[in-house]
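In what follows, a single structure is set out as structure tokens and then discussed.
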2 protein chains.
Amino acid sequence: MPEAQGDTETTGGPPRRTDRRPTMTDVAQRAGVSRALVSLVFRDAPGASTATRERVFRVADEIGYRPDSAARMLASSRSKVLGVLLTVRNPFHADMVESIYPVAEQRGYEILLSAASPTRDECKAVDALLGHRCEGLLLLGPTLPTSYIAELRRKLPVVSLGRHFRGIDVDSVHTAEAKGVRQAIAHLVELGHRSIAHIDGGRGPGAAERRKAYRAAMRKHGLDDYIRVLPGDQTEESGSAMAQVLLAEREAMPTAVLAGNDRCALGLLDVVWRAGLQVPGDLSVVGYDDSHLAHLSHIDLSTVRQDPNRHAELAVQCVVDRLDGVRDEAEEFVLEPKLVTRGTTGPPSQSGIMRFPSGDGVET
Amino acid sequence: MPEAQGDTETTGGPPRRTDRRPTMTDVAQRAGVSRALVSLVFRDAPGASTATRERVFRVADEIGYRPDSAARMLASSRSKVLGVLLTVRNPFHADMVESIYPVAEQRGYEILLSAASPTRDECKAVDALLGHRCEGLLLLGPTLPTSYIAELRRKLPVVSLGRHFRGIDVDSVHTAEAKGVRQAIAHLVELGHRSIAHIDGGRGPGAAERRKAYRAAMRKHGLDDYIRVLPGDQTEESGSAMAQVLLAEREAMPTAVLAGNDRCALGLLDVVWRAGLQVPGDLSVVGYDDSHLAHLSHIDLSTVRQDPNRHAELAVQCVVDRLDGVRDEAEEFVLEPKLVTRGTTGPPSQSGIMRFPSGDGVET
DNA sequence: CTTCATCACTAGAGCGCGCTAGTAGAGCGC
DNA sequence: GCGCTCTACTAGCGCGCTCTAGTGATGAAG
């Protein structure tokens, strides 16, 4: 049977798909040049006159030609694609993704997203990226084991955002967690807080460092006795659960909490607000990340800013440099965090319940 | 300078990247069969003995072979890839993405994610997907103009989730918005509410229908005089902004609010809780979507459930059917919404005075 | 015996592009 | 005329795979 491959004018063919996608050959024919020339033009390579260049673009536009990235990457054995592993529910990841797109584009790379979720583990998500010929991988707060990352790294450049892997040849971009935590604690202490608890981030990126830094900072301020790490996991759930725990303590409750991240802080805030406490009067709360949730006006969360844009920039540059063979040894970019004081921190209330027994060694 | 590129067998090549990726030919050679046979095995096509099949898989595993999807889609002119357009910040989209992955996989399709954001409009995101040879498109709550969608549809099967486009040959999967709204209003009325406001979703998916249904439902219950649509846009911001507006009204404040979606409800709740009001006593709140945010234990939001899993299933099936040529005319899948009553709805408190205990807890 | 179907496998032509090597023609100096 | 360079273009191979059209080997039917 004759198979009329519908082109510009439909030919009432079999119940097949829509129009055949135009190829470079179509453009070449219509523009009266060779296929190679069209290729030149689309790669923005030298060797075509301005007039021809324009004509080619015009014709391409007319017939709706769009370079086929599959063929392109096959032929060039360069895909110009970077894979991004993210957790789809994480707002800070969302922030970074938004920053990654423009940076990658500027460097001439496309971005492929692959989401990990409860039902789709990170390995699987990474596999999908590899199958699509990514040249490099940006892993957002990966929880993959070090050995797996090392294995990955043998295949392609990998950069981990928000988590540093020591001992293996993998680049990383993360914040100087300790510094951020120190700033947060210093801020709270300056406001007059002494009983400052920390909700831990569990196995989450940066959690271990934050925990450690919290303890150190508290000690530095002579608040050893107030050190209190509550278990958590960087989700709203853990924030609200810990809020319940704290509320149950009433008078013994800390006057400030450093949450494991913004999500955790939000969970906590919701419960605290709901219980009728004043923030920051009855409880000051500091988050971590400064994800877009934090600066919603009604939340107005004091938090430690991790610049997603800068993360993105460095990470993309990292991978691209590796691909260009500019660099050979692992690099660790440590970004300066910055405490952003908003509305959830303030002096502990003077008028309410006296939380601290005055005159037993605690300075005021 | 000599560049020892540590791989298994160094070939002192140019300062190139890591190990060459193994190809089908490598597997074939090592397994002592033809390339075509390996192809057969990996496509799970008939024509290979079980023994050979196993051997091929074993060898492939040994050398770390992974089919190259670029080459595959080029050769087959079937990419087996579906593109998903999402807004990376939208939690309901996150829910749907999570559901789409397994469903697509089961149908033998891969998923490519492309995120729209304030700095990357939907057109651009769609373009990226097209460049990657997606065979079909799932658009999550698209805000693209109808004409653009129609144009897209001429190139490939498209299904819109959460929004219906009338008059064009595009499939859609969405909830019977009116029904959900009716359930919500009926629930509130039954609890004794009369003054029920609605925060509008602006141009968001389903917003127009919900608005209309809200008005109709209120009228049905004889509450014409209480009809009140507050402007909004399905974000936390609009929820909190409207909460401020309502709080300022004190005694005149409605006793219940139907928010444009869950995010909006959350923004509203935060402000209301913070102001010291009791939910649901002083104000009942109903969301829309039942995104994962809604059932966080501390939020415990009454909301109208839109089943993301079912959305995903139908949408994928929709596109796949089109690709298989099973169907030819546009189809509209309307899903049953289901009111989920949780902790944010209850009878209104008897006296309006109760709602503002101290008389100056709220700034105006 | 021949014929034919079936099974297990192979040869080889593309898919749409990138890219190297090459060509035609113009311009220029001698 | 010659050779030379430079610009503007083209021919055609091959990236890693799929897929049609085969090939030989085996066994059953005639």
Nearest whole angstrom, please: distance from the P of C:dC17 to the CZ of A:R66.
12 Å
Find the distance B:R72:CZ to D:dC19:P and express it as a whole number of Å.
9 Å
Reckon B:S39 touches a base, only the sugar-phosphate, or nothing at all at heavy-atom distances under 4.0 Å?
base
Are any of A:T23's side-chain N or O atoms less than 4.0 Å away from OP1 or OP2 of C:dG16?
no
Which part of the nucleic acid, if any, lies within reach of B:P67 when heavy atoms closer than 4.0 Å are counted: base, sugar-phosphate only, or nothing?
sugar-phosphate
Looking at the side chain of A:L37, which of D:dC17, C:dC17, D:dC9 is the nearest nucleotide?
D:dC9
Would you say the side-chain atoms of B:T119 and A:E98 include a donor-acceptor pair closer than 3.5 Å?
no
Heavy atoms under 4.0 Å, any strand shown: does B:A36 hit a base, just sugar-phosphate, or nothing?
base
Going through the distances and angles, do A:D169 and A:R154 end up as a salt bridge (Lys or Arg N to Asp or Glu O under 4.0 Å)?
CA-CA 9 Å; A:D169 178 39; A:R154 293 180 14 136; over 6 Å; no
Starting at atom CD of A:Q29, determine the distance to atom P of C:dC17, rounded to an integer number of angstrom.
13 Å
Which is true for B:R53 with a 4.0 Å heavy-atom rule: it touches a base, it touches only sugar-phosphate, or it touches nothing?
nothing
With the threshold set at 4.0 Å, does a side-chain nitrogen-carboxylate oxygen contact exist between B:E329 and B:R322?
no
Round to a whole Å and report the spacing from CZ of B:R43 to C1' of C:dT10.
13 Å
Is the shortest distance from a Lys or Arg side-chain nitrogen in B:D44 or B:R53 to a carboxylate oxygen in the other one below 4.0 Å?
yes
Just how far, in rounded Å, is P of C:dA11 from CG of B:L40?
13 Å
Does a distance-only test, which skips hydrogens and angles, find a donor-acceptor pair under 3.5 Å between the side chain of A:R35 and the base of C:dG18?
yes
Once you round to the nearest 0.5 Å, how far does CG of A:L129 lie from CG of A:L137?
5.5 Å
Quick check on C:dC9: is either OP1 or OP2 less than 4.0 Å from any side-chain nitrogen or oxygen of B:T52?
yes
Pair partner, C:dA21 [Watson-Crick or wobble, under 3.5 Å]:
D:dT10
Round to a whole Å and report the spacing from CE of B:M24 to C1' of D:dC19.
12 Å
Comparing A:D68 with B:G47, nearest DNA chain C nucleotide closer to 5' gives the residue B:G47
Roughly how many Å is it from NE2 in B:H132 to C1' in C:dG16, rounded to a whole number?
15 Å
OP1 or OP2 of D:dT7 versus the side-chain N and O atoms of A:S49: is any pair under 4.0 Å?
no
Strictly by modelled atom types, are B:S114 and B:R120 linked by a side-chain donor-acceptor pair under 3.5 Å?
yes
Atom pair distance, as rounded to whole Å: CG in B:L74 and C1' in C:dG14
9 Å
Within the pair A:S76 and C:dG18, is there a side-chain N or O less than 4.0 Å away from OP1 or OP2?
no
Partner of C:dG29 under the Watson-Crick or G-U wobble criteria, both distances under 3.5 Å, comes out as D:dC2
